[in-house]
J.: 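Have a look at this one.
Throughout, protein chains are lettered first and strands after them, A, B, ... in sequence-line order, and every chain is numbered starting at 1. This is a predicted model, so every value here is computed, not measured.
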Amino acid sequence: MTAGVVVLRAGSLSTRLRIRPMVVSGLLLACAAGLFLVAICAGSTWVEPAKVIDVLGGGGTRAGRFQILELRMPRVAIGALAGAALGLSGALMQSAVRNPLASPDLLGITSGASVGAVGVYVLGWRVFGAPLSVSLPLAALIGGLAAAALVFVISRGGPVLGLRLILVGIGVGAALRGLIYAMLVIGGEFDVQKAQVWMTGDLSTESARIPLLLAAIALTLALGGGLSRSLSSLQLGQEAAHGIGVPVERLMLATLACSVLAASVAVCAAGPLGFVALVSPQVARLMAGGHRPPLICSAACGALLVLAADLVARTLFEGFVSVGVLTALVGGPVLIGLLLSGMRSRT
Amino acid sequence: MTETTAIGSEVELAAEQLTVGYGARAVLSALDLQIRGGAITAIIGPNGCGKSTLLRTLGRLLKPSDGTVLLRGDAITSLRIRDIAQRMALLPQGPMAPEGMTVQELVARGRHPHQSFFRQWSAEDADKVRAALELTGLTDLADRDVATLSGGQRQRAWIAMTLAQDTDLLLLDEPTTYLDISHSVEVLDLVERLHADLGRTVVMVIHDLNLAARYADELVVMHDGQVAAQGPPDEVITEQLLADVFDLEARLIVDPVAGSPLVIPVGQRYAQGSDRAGTGRNQAQKLG
């Protein structure tokens, strides 16, 4: 078969292993683990990596355990997991609509989540009367899902689902951003400042968000893994894929729903982290090859990007610049570079 | 691959009272059609007559608002898409391979309906792909990027994909679009081999009447969402039909190579009463 592919067979069972993506995802995951460790070590004081490993392994002093497990680790873990969820979300969405410029941001998820969060801060919304700390992620989650649902409903019924989704998403996103500005104008100065901080990415230390992120990532990986062959076949185009037995509409809806869920959970846990979902899958694909963004590599790239942005934000800028600003600062140029190199290779 | 079935032995694919409409406008209305197994059937007709819509509905790309499509007697709406794809391949018009995909990778995609999570690449998959590459003459180009091939080679690669799918029935939507005449003949020669050597049933939409008459065993002529005529080319293609369906004044001669009807359009330049009327006859007399 094709170079770089190993086929294993046992009786009627067979599997294909593509070497390059496996090696690349291994390397990326190792890098992410390393950066995870460094991110925990770095802070107001530098903690020796050996000490951090000791604590993560169950040892260490009581003060050390508190500093690392309660203060530093949750924030770093939320950043890494939210980045991974965004990377996965983008990879699934770009595979489903076969467009490297698709990302959950474009489907209005970020704007919808921001409407929810700004509503909580500025207008005093409370979800089921819950306190702010619980209402905030819930309102963001509901806002993101509602915006995506709205985009889906408007886009339905046309033959070119992918393109319509993107165009409708841009429109809905613009309308929602208008709503956000209107809400910010109404609000009091203090609340508005907090809302704006949230909108540029807010890696909190609330470890309750970690299992939520883990569940979203597990679900996305399971579904994405199960649909992997169909998603590969979908890259031939909707009609050709239909011809070789891919249930195109169902596949696209399931994939997009999963992508939307992963992105909404990430935004609800960490605030909108711009460009992560857009850029990570493309960087992963450049490194791992193939005809669609690889899932695990995309997750690892997303985690790396957010970990690095948070590390730089906390150390170089001492927290004055939010992580979301940095992901956008890094992600924007990376995207332009990708587009330019893509255009050059085509001409 | 498949055993040759005698032409006309069985109805492979049928449409019953098929009605398809985009919105309120019906493109096909209560259309009945039977397609014989083991033959090459070409669907022809003027632009907008519904021939592509018919093929796409037969391939379940479009849902009819009324009526049924029967695949060897089974209503296709009752079958799973994967089961249909094991029995019927469909090549859409002007397909585009993803950037950087090789011929081999494209052809291997044809095995999709035969694979599962636990059966990702069987020995049979490898055999079928190798055979499809060989039959389409693409073995030497297997590792080439599909985008670097000529138009004819590219279309052959897509047909190889449907071949690897290993179905008795193959639907082709305008397989010669965008191809010049030599590449069109190259692709249709391949289609003929699928039929002659492998006994595949082929249904294709095709624009060129002369190529349709030359390569098809049976023609289905569409007009205004209805089947205007169906049968062997030499029975179906008449000057009257060309006038009625295509709104074209034409003469028919016998294709000196294939013996099939060859359509010679008259057109205004050589129409009765124009300066050049009869030019062809005079030239022929001079040369003869």
J.: So which atom in B/Ala85 and which in A/Gly243 form the shortest heavy-atom distance, rounded to 0.1 Å?
T.: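 That would be CB-O, 3.7 Å.
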J.: Given a strict heavy-atom distance threshold of 4.5 Å, which part of B/Leu61 is in contact with chain A: side chain, backbone, both, or neither?
T.: both
J.: Where do B/Arg60 and A/His242 come nearest, in terms of heavy atoms and distance?
T.: O-CE1, 2.9 Å
J.: Would you indicate whether the side-chain heavy atoms of A/Arg229 and B/Gln115 approach each other to under 4.5 Å?
T.: yes
J.: Name the region of B/Ala142, side chain, backbone, both or neither, that has any atom closer than 4.5 Å to a heavy atom of chain A.
T.: neither
J.: Enter the distance from B/Glu105:CD to A/Ser232:OG here, rounded to the nearest 0.5 Å.
T.: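 The distance works out to 10.0 Å.
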J.: Please classify the contact of B/Met161 with chain A as side chain, backbone, both or neither, using a heavy-atom distance under 4.5 Å.
T.: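 For B/Met161, the side chain is the part near chain A, not the backbone.
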J.: Rounded to the nearest 0.5 Å, what separation is found between the CG atom of B/Asp125 and the CZ atom of A/Arg16?
T.: 9.0 Å
J.: Tell me, do B/Arg109 and A/Gln235 make a side-chain contact under 4.5 Å, heavy atoms counted?
T.: no
J.: Against chain A, label B/Glu124 side chain, backbone, both or neither, depending on which of its atoms sit under 4.5 Å from a heavy atom there.
T.: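 The answer is neither part of B/Glu124.
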J.: Taking every heavy-atom pair that is under 4.5 Å apart, which of A/Ile244, A/Leu236, A/Leu8 has the most such pairs with chain B?
T.: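 Top option by heavy-atom pairs under 4.5 Å: A/Ile244.
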J.: Taking all non-hydrogen atoms of both residues into account, name the closest pair between B/Phe117 and A/Gly225 and its distance.
T.: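 Between these two residues, the closest heavy atoms are CE1-O, 3.9 Å.
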J.: Please report the interatomic distance OG(B/Ser122) to CG(A/Leu13), rounded to the nearest 0.5 Å.
T.: 11.5 Å
J.: Please state whether the side chain, the backbone, both or neither of B/Met101 comes within less than 4.5 Å of a heavy atom of chain A.
T.: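 Both the backbone and the side chain of B/Met101 come within 4.5 Å of chain A.
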J.: Heavy-atom cut-off 4.5 Å, strictly under: side chain, backbone, both or neither for B/Leu106 against chain A?
T.: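 The answer is the side chain of B/Leu106.
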J.: Is the number of heavy atoms from other residues, nucleotides or ligands within 6.0 Å of CD (B/Gln86) greater than 12?
T.: yes
J.: Tell me whether the count of non-hydrogen atoms from other residues, nucleotides or ligands lying under 6.0 Å of CE in A/Met287 goes above 12.
T.: yes
J.: Which heavy-atom pair separates B/His112 from A/Ser233 by the least distance, and what is that distance?
T.: ND1-OG, 2.7 Å
J.: Please report the interatomic distance CG(B/Leu62) to CD(A/Glu239), rounded to the nearest 0.5 Å.
T.: 8.0 Å
J.: Any chance you could measure A/Arg250, atom CZ, to B/Ile81, atom CD1, to the nearest 0.5 Å?
T.: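 The CD1 atom of B/Ile81 is 9.0 Å from CZ of A/Arg250, to the nearest 0.5 Å.
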J.: Apply the side-chain contact (heavy atoms from CB on, under 4.5 Å) test between B/Gln120 and each candidate in A/Leu17, A/Thr15, A/Val7; give the one that qualifies.
T.: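 Testing each of A/Leu17, A/Thr15, A/Val7 against B/Gln120, the sole residue satisfying side-chain contact (heavy atoms from CB on, under 4.5 Å) is A/Thr15.
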J.: Where does A/Val246 contact chain B at under 4.5 Å (heavy atoms): side chain, backbone, both or neither?
T.: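 For A/Val246, the contact with chain B is made by backbone and side chain together.
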J.: Write out all pairs satisfying side chain to side chain donor-acceptor pair (under 3.5 Å) with one or both partners inside residues 90-103 of chain A, taking only residues at least two apart or from two chains.
T.: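 Those involving residues 90-103 of chain A are A/Gln94-A/Gln282.
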J.: Identify which part of A/Ser230 has an atom lying under 4.5 Å from any heavy atom of chain B, answering side chain, backbone, both or neither.
T.: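 When you check distances to chain B, atoms from both the backbone and side chain of A/Ser230 fall under 4.5 Å.
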